[in-house]
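Let me begin by presenting the structure, written as structure tokens, before commenting on it.
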Amino acid sequence: MEYVQNVDDIKNDGIKNLRDDIDKIDMELLELLSQRKAVSDKIIHKKLLRSLPVLDSAREKEIVERCLSVDFGLSDSFVNKFFNLIFDESKRQYYKLERFNSVLDYIKRKPIMIAGPCVVESEEQINIIASSLSALGVKYLRGGTFKPRTSPNSFQGLGNLGVKYLSEAARAHNMFSVTEILEAEQLEENYDLIDVVQIGSRSMTSYGLLKSVGALTATDGKLVVLKRGFSATLTEFLQAAEYILQAGNPNVILCLRGIRTFEQIDSSLRFTPDLASILELKERTKLPVIFDPSHSVGRSDFVVEVSNAALQLGADGLMIETHHSPANSKVDANQAIMPQSLLNILNL
Ligand code: PEP
Ligand code: MN
């Protein structure tokens with residue numbers, strides 16, 4: 001037996017081992033190609049969110065030239081063909097999306113979920129929450145950084161530092177950062193760290209802010225979530241959105257968040273959920289309409305059901321306050337839910 005094996009080994013001349021090497025390299029190659037495609041998909045997504053042109057033949061040329069400038073012992077024609085195949089595979093993702101005429105159509109294809117804490121409390125807190133949310137497939141990470149508090153003595157948020165923590169947590173978990181700004185300068189200072197700008201209910205009639213945000217975001221079409229003033233009529237809400245549109249940014253998402261009626265007298269609700277306004281807004285505008293159940297009801301035990309109701313009524317998405325330890329939320333503890341509770345929401 002010994003003798004026969006040795007003969008085989010000699011005949012084999014190590015070929016089996018070399019083939020094992022090839023098989024391993026092939027798997028690694030495919031794994032790398034798959035990683036490359038995932039990165040390229042992320043770029044396409046970001047470009048669409050910014051209304052930037054997706055196809056870039058100059059960039060493709062540059063990649064091939066850079067690769068050809070190093071001698072890997074491969075023919076130029078092989079390197080050329082190989083990269084063209086890779087580019088085609090990456091572009092399939094874009095062609096799948098191309099039927100959407102605009103960024104907003106792209107957003108409207110599937111309800112979007114914006115979730116995260118009322119306020120960014122610390123680097124650790126936002127990272128814990130981002131990690132649970134991204135594991136659930138949530139792509140938009142909200143977190144208040146410049147908080148519009150009713151009392152000047154309440155915690156106002158971490159400001160620029162909060163934006164930094166939010167943005168780093170979002171990037172680390174492959175998510176987009178969403179935060180409210182109260183002044184145009186806050187957006188200017190943190191422009192690249194804020195992926196989606198939120199204009200809060202209390203700022204809906206700050207027309208100077210609306211114009212400035214519209215102008216600042218006109219070039220790249222950064223998404224703006226505009227929340228309904230809690231005492232605003234639908235017409236006033238739409239006119240507020242018009243300020244941003246007319247300043248040059250078409251990418252506005254309307255967010256209903258409850259209106260003020262008689263809750264303060266005998267109800268446990270924080271505001272009255274303006275759910276049927278989803279139907280009417282969708283009749284009156286093509287802009288996506290999302291719903292914030294958290295501020296609407298102000299009670300964590302009602303958040304999931306109101307969210308599902310909003311989706312049933314055709315909401316294009318939700319914005320939900322989530323915290324890993326709701327009772328310990330620094331702000332709005334009564335309405336925070338655990339990230340895992342989002343699993344009870346339709347279409348997550
Ligand atoms: C918020 O979403 O953080 C917020 C303050 O909500 P609103 O502006 O609707 O009160
Ligand atoms: Mn809040």
Side-chain angles (χ1 to χ4, degrees), residues 112-121 125-126 129 133 138 140-152 154-159 162-163 166 176-183 186-187 194 196-206 209-210 213 223-232 234 236-237 240-241 244 252-261 263-264 269-275 277-278 281 289-300 302-303 306-307 310 315 317-337 339:
I112 65 163
M113 174 67 82
I114 303 175
C118 180
V119 56
V120 176
E121 298 166 17
Q125 173 245 22
I126 193 65
I129 299 171
L133 290 172
V138 174
Y140 297 84
L141 179 68
R142 64 150 285 147
T145 51
F146 303 101
K147 292 302 292 176
R149 301 308 300 280
T150 309
S151 162
S154 305
F155 176 51
Q156 307 282 309
L158 297 178
V163 179
L166 175 74
F176 297 106
S177 63
V178 184
T179 202
E180 173 173 357
I181 48 108
L182 302 174
E183 290 157 24
Q186 294 162 347
L187 175 59
I194 301 175
V196 180
V197 192
Q198 181 176 324
I199 298 180
S201 188
R202 289 156 193 79
S203 302
M204 191 208 86
T205 49
S206 298
L209 177 67
L210 301 177
V213 167
L223 284 175
V224 178
V225 171
L226 175 66
K227 298 189 86 171
R228 178 183 188 177
F230 49 72
S231 297
L234 284 190
E236 287 162 352
F237 187 23
I244 305 170
V252 178
I253 295 177
L254 301 173
C255 181
L256 294 165
R257 45 82 70 216
I259 49 170
R260 182 153 280 174
T261 59
E263 318 79 22
Q264 310 294 323
L269 299 184
R270 187 171 176 189
F271 291 90
T272 293
D274 41 353
L275 281 164
S277 302
I278 296 170
L281 279 179
V289 180
I290 67 171
F291 198 83
D292 169 351
S294 311
H295 292 90
S296 293
V297 294
R299 288 182 48 163
S300 52
F302 287 176
V303 165
V306 171
S307 297
L318 298 164
M319 178 187 282
I320 304 185
E321 287 192 346
T322 39
H323 198 284
H324 62 292
S325 176
N328 294 313
S329 297
K330 210 160 178 171
V331 182
D332 285 352
N334 292 343
Q335 66 199 37
I337 61 169

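Bear in mind that the values here come from a model prediction, so they are computed numbers and not experimental data. Each ligand, and each atom within it, is numbered from 1 in the order the structure gives.
- With sequence neighbours left out, R149 forms a salt bridge (Lys or Arg N to Asp or Glu O under 4.0 Å) with no residue at all.
- A donor-acceptor contact shorter than 3.5 Å is absent between the side chain of T145 and the backbone of G159.
- The shortest heavy-atom contact between S307 and I320 is OG-CD1, 3.5 Å.
- At a 3.5 angstrom cut-off on N or O pairs, K227 counts as close to ligand 1.
- Applying the salt bridge (Lys or Arg N to Asp or Glu O under 4.0 Å) test to E180 and every residue at least two apart in sequence or in another chain returns nothing.
- Across all their heavy atoms, L210 and M204 have their closest contact at CD1-O, 3.3 Å.
- Neighbours of the Mn ion (ligand 2) restricted to protein N, O or S atoms under 2.8 Å: the count is 4.
- For the residues R257, R149, E180, H295, the heavy atom positioned nearest atom 10 (O) of ligand 1 is part of R257.
- For the pair P326 and A336, the tightest heavy-atom approach, listed with the atom from each and the gap, is CB-O, 3.5 Å.
- Under a 4.0 Å criterion applied to the non-hydrogen atoms of K147, ligand 1 contributes the atoms 3 (O), 5 (C).
- Every residue meeting the salt bridge (Lys or Arg N to Asp or Glu O under 4.0 Å) condition with R270, not counting sequence neighbours, appears here in chain and number order: D332.
- Each of the atoms 8 (O) of ligand 1 lies under 4.0 Å from some heavy atom of G200.
- Protein heavy atom closest to atom 8 (O) of ligand 1, with residue, atom name and distance, is S201 N, 2.8 Å.
- With hydrogens left out, the protein atom closest to atom 3 (O) of ligand 1 is R142 NH2, 2.8 Å, a heavy atom.
- Close contacts of ligand 1 with Q198, meaning ligand atoms under 4.0 Å from a residue heavy atom, involve 1 (C), 2 (O), 3 (O).
- D274 and G258 make their closest contact through OD1-N, 2.9 Å (heavy atoms, listed as atom of the first residue, atom of the second, distance).
- Between L133 and P339, the closest heavy-atom pair is CD2-CB, 3.8 Å.
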